[in-house]
Amino acid sequence: MANLTGKVAVVTGSSKGIGAAIAERLANDGVAVAINYGRSTKEANELVAKIEAKGGKAVALQADIASEADVVKLIADAQAKLGPLDILVNNAGIYEFSAVDALTADHIDRQLNLNVRGLLLATREAVKAFGDRGGVIVNISSSAVETPPPNGSVYAGTKGAVDAITRSLGQELGAKKIRVVSIAPGFIETEGTHTMPGGGDFKAFAVSKTPLGRPGAPTDVAAAVAYAASDDASFVTGAVLTVNGGIRI
């Protein structure tokens, strides 16, 4: 999308999977991208090299999005290396499953701290960075909000919070020329889904419930993010865009 040329974006959790596809799509559309990673140094550097080989601009920045100090440094470092921030994609997140009678405080805290707390901290820093210029925040949610799976109460709850945050901030930040949009993927085939216990069985089940008859690809989500971040979506805020092939579980 030509109207993204010259923009600067931070994509959290973008060394692989959906985040990597988002970073690569934005770079292909002319955005200078900060690729954030937690531990996947090799993958992040490989993605930077891939983007640069196509003539794009990217840097790899390590940060734990659950850490307030790391988040503050991430946004500051991204701007120091790439210029004023225009786009934040809150993609970093984890999913873990547990029956309610086996829940632990650690299980709850891990997902809340990254999926919700970290998203809010990154958003806070991005809003400061946008200043009077305005900007766009894209939050990666999940179709699990609408069709939460058994044993997924914590994960679905965190993504429900993401959608509520999106709607609230859409109201709050519009006057500052900041748009906030959630993208809610369905079953997306990634490295992570291949290593899930029973992953093959769940993929077959998910596809059987998807009217379009296939799993989603990371590029499907990336295309939606590129739209939400662009001027083509200039009148879209506080909204949830579902990218799930029509799945109903």
Side-chain angles (χ1 to χ4, degrees), residues 1-16 18-38 40-41 43-65 67-92 118-140 169-170 172-181 183 221-234 236-237:
M1 293 182 183
N3 58 12
L4 286 174
T5 299
K7 302 289 187 181
V8 172
V10 170
V11 184
T12 66
S14 53
S15 60
K16 53 189 174 181
I18 291 173
I22 293 168
E24 188 172 359
R25 172 59 188 264
L26 291 178
N28 289 343
D29 288 346
V31 180
V33 184
I35 295 163
N36 160 246
Y37 66 96
S40 303
T41 307
E43 291 89 343
N45 289 331
E46 288 174 348
L47 182 56
V48 169
K50 183 178 182 181
I51 288 170
E52 290 180 339
K54 294 180 180 179
K57 186 173 183 180
V59 295
L61 298 174
Q62 193 281 332
D64 176 2
I65 302 302
S67 162
E68 183 171 18
D70 277 18
V71 169
V72 171
K73 187 174 186 299
L74 170 65
I75 300 301
D77 286 352
Q79 293 193 104
K81 292 178 180 295
L82 299 176
L85 186 66
D86 301 291
I87 301 162
L88 169 68
V89 182
N90 282 310
N91 170 75
L119 177 146
L120 282 167
L121 291 172
T123 297
R124 181 193 71 190
E125 293 307 301
V127 169
K128 293 177 185 177
F130 293 154
D132 294 337
R133 297 175 298 107
V136 183
I137 298 164
V138 182
N139 297 322
I140 304 303
L169 291 179
E172 179 181 342
L173 298 176
K176 295 184 177 182
K177 298 184 289 186
I178 299 172
R179 296 190 297 105
V180 189
V181 182
I183 306 294
V221 182
V225 172
Y227 162 72
S230 77
D231 290 344
D232 288 344
S234 63
V236 179
T237 195

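Applying the salt bridge (charged side-chain N to carboxylate O under 4.0 Å, His left out) rule to pairs touching residues 69-84 yields K73-D77, sequence neighbours excluded.
A salt bridge between D86 and R133 is present, with a side-chain N of the basic residue lying under 4.0 Å from a carboxylate O of the acidic one.
Scanning all heavy atoms of the two residues, the minimum distance from D29 to A226 falls at OD2-CB, 3.6 Å. When all heavy atoms of P84 and V8 are compared, the closest pair comes out as O-CB, 3.3 Å. Considering every non-hydrogen atom in both Y227 and S230, the closest pair reads O-OG, 2.8 Å. Of all heavy-atom pairs between G19 and S14, the closest is O-CB, 3.4 Å. When all heavy atoms are compared, the tightest approach of G13 to N36 is N-OD1, 2.9 Å. A34 and L61 make their closest contact through CB-CD1, 4.0 Å (heavy atoms, listed as atom of the first residue, atom of the second, distance).
Residues that satisfy the salt bridge (charged side-chain N to carboxylate O under 4.0 Å, His left out) test with E172, not counting sequence neighbours, are absent from this structure. By the salt bridge (charged side-chain N to carboxylate O under 4.0 Å, His left out) test, K50 pairs with E24, sequence neighbours left out.
Between S40 atom OG and L47 atom CG the span is 11.5 Å, to the nearest 0.5 Å. If you take CD1 on I35 and CG on N45, they are separated by 9.0 Å, rounding to the nearest 0.5 Å. Of the inter-residue distances, the one linking I183 atom CD1 with N91 atom CG reads 11.0 Å to the nearest 0.5 angstrom. Note that OG1 of T237 is 9.5 Å distant from CD1 of I178, once rounded to the nearest 0.5 Å. A distance of 11.5 Å separates CG of L74 from CG of L121, quoted to the nearest 0.5 Å. I137 contributes atom CD1, which lies 6.5 Å from atom CG of L169 (distance to the nearest 0.5 angstrom).
Residues I22 and I140 are in side-chain contact: their nearest non-hydrogen atoms beyond the backbone lie under 4.5 Å apart. Using a 4.5 Å heavy-atom cutoff, the side chains of I87 and L4 are in contact. Residues V71 and I65 are in side-chain contact: their nearest non-hydrogen atoms beyond the backbone lie under 4.5 Å apart. Two residues are said to be in side-chain contact when any heavy atoms from C-beta on lie closer than 4.5 Å; I75 and Q79 meet this criterion. Looking only at side-chain heavy atoms (C-beta outward), L173 and F130 stay at 4.5 Å or farther from each other. Side-chain contact between N28 and K54 is present, with at least one heavy-atom pair separated by less than 4.5 Å.
Side chain of E52 to main chain of K57: no donor-acceptor pair is present (N/O by atom type, distance under 3.5 Å, no hydrogens or angles). Side-chain N or O atoms of N90 include none that pairs as donor or acceptor with a backbone N or O of A122 at under 3.5 Å. Side-chain atoms of R179 come within 3.5 Å of backbone atoms of A228 as a donor-acceptor pair (strictly under, hydrogens ignored).
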